[in-house]
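Read the structure below first, then the notes.
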Amino acid sequence: MSHVPHAELVTALQLGDSAFPTGAFAYSWGMETLLADAQLQRRDLAGFVQTELSGRWHGIDRPALAGGWRADTIADLEDWDAQVDLSLWSEPQRRASQEAGAATLAAATRLELASAREIRASVTAGRMAGHFPVLTGALHRGAGLGLTTALLVAAQGFLRGLLSAAVRLGQTGALEAQRIARALAPTLIDMARPPAPGTLPQGFSPMTDIALMRPHAARLFVN
C-alpha cells in the first residue's frame with residue numbers, strides 16, 4: 001500500500017488545523033455587523049453559512065485558490081494574483097484578503113514550506129498583492145497537496161471560520177455548530193470540485209459585501 005495518501009492526509013490535517021496561524025480567525029466576514037444590525041438571527045445561521053459558502057467561497061475563493069495552485073512559476077502566480085485583485089471590488093474585502101495572506105505567508109516562511117520564501121520576496125517587493133486564497137493554493141501545492149485536497153481543506157476552513165465566529169459571538173453553541181457542519185458536509189464536498197483552468201473569481205453576497213464596507217464600531221472581529 002502506498003504511503004503517499006497518508007502523507008498528504010497528515011499535511012492536510014496540519015495546514016487545515018484551526019491552530020495553524022493564518023490570521024483568518026480574526027475575521028467574521030461581515031457576520032458581526034449583520035448581527036448588530038439585526039439583519040441576521042440565530043435561527044438563520046445554517047442558511048446564512050450555506051449562502052456564504054456558495055456565494056463567496058465557491059465563487060471567489062475556490063477559483064482564486066485553484067489558479068494559485070496551478071501557477072507553475074512565480075511569474076504565473078504574480079499574474080494570477082493581479083487578476084484576482086482586480087476581481088475584488090470591495091476595498092475592505094481586498095484588504096482583509098491581503099492581511100490574511102500576509103499572516104499565512106509569514107507562518108509558512110517560518111515553517112520553511114516549499115516556495116514560501118520566494119513568494120514572500122515577491123509580495124515584499126510589491127510584485128503581487130498576496131491574496132489569501134491565491135497564496136494558499138500555491139503553498140498547499142508546494143506542501144504536497146493535490147488540488148482537490150487543497151480545495152477541501154480551504155472549504156472546511158471557511159466553514160469552520162464562520163461557525164467559530166458565530167460561537168464566539170454567542171449565536172450558537174459548539175454542538176449546534178458541529179451539527180450545521182455535519183449537515184453541510186455533502187454541500188462542501190460538492191463545492192470543492194476543481195474549477196476549469198482559467199476560471200475567474202465571481203461571487204454574489206450582497207448582504208455581507210455591504211456589511212464588510214460598514215463595520216460595527218464596538219467589534220470583536222476585524223470585519
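In what follows, every heavy atom counts, from backbone to side chain, and hydrogens, waters and symmetry copies are set aside. Values in this document were obtained by computation on a predicted structure and should not be read as measured data.
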Hey, does [Y] have a side-chain heavy atom less than 4.5 Å from the side chain of [X]?
{"X": "Leu77", "Y": "Asp81", "answer": "no"}
{"X": "Leu163", "Y": "Thr172", "answer": "no"}
{"X": "Ser97", "Y": "Val134", "answer": "no"}
{"X": "Pro63", "Y": "Leu200", "answer": "no"}
{"X": "Val123", "Y": "Gln98", "answer": "no"}
{"X": "Leu88", "Y": "Ile60", "answer": "yes"}
{"X": "Leu111", "Y": "Phe20", "answer": "yes"}
{"X": "Met207", "Y": "Phe48", "answer": "no"}

In Å and rounded to the nearest 0.5 Å, what is the [atom1] to [atom2] distance from [X] to [Y]?
{"X": "Leu105", "Y": "Leu139", "atom1": "CG", "atom2": "CG", "result": "6.0 Å"}
{"X": "His131", "Y": "Arg95", "atom1": "NE2", "atom2": "CZ", "result": "12.0 Å"}
{"X": "Gln93", "Y": "Ser87", "atom1": "CD", "atom2": "OG", "result": "8.0 Å"}
{"X": "Asp61", "Y": "Glu52", "atom1": "CG", "atom2": "CD", "result": "10.5 Å"}
{"X": "Trp57", "Y": "Leu188", "atom1": "CH2", "atom2": "CG", "result": "7.0 Å"}
{"X": "Arg141", "Y": "Leu147", "atom1": "CZ", "atom2": "CG", "result": "9.5 Å"}

Can you hop from Ile74 to Val84 via hydrophobic side chains spaced under 4.5 Å?
yes
Which heavy atom in [X] sits nearest to a heavy atom in [Y], and how many Å separate them?
{"X": "Ser205", "Y": "Gly55", "value": "OG-C, 3.4 Å"}
{"X": "Ala38", "Y": "Gln41", "value": "O-NE2, 3.2 Å"}
{"X": "Thr11", "Y": "Ala143", "value": "CG2-O, 3.8 Å"}
{"X": "Ala12", "Y": "Leu145", "value": "N-CD2, 3.8 Å"}
{"X": "Ala150", "Y": "Trp69", "value": "CB-CD1, 4.3 Å"}

Check: Arg56/Thr208 side-chain N/O donor and acceptor closer than 3.5 Å
yes
Quick one about Thr73 and Asp76 (side-chain donor to acceptor, distance below 3.5 Å, no hydrogens or angles considered), yes or no?
yes
Any carboxylate oxygen within less than 4.0 angstrom of a Lys/Arg side-chain nitrogen, looking at Arg160 and Asp17?
no
Do Glu8 side-chain atoms and Gly146 backbone N/O form a donor-acceptor pair below 3.5 Å?
yes
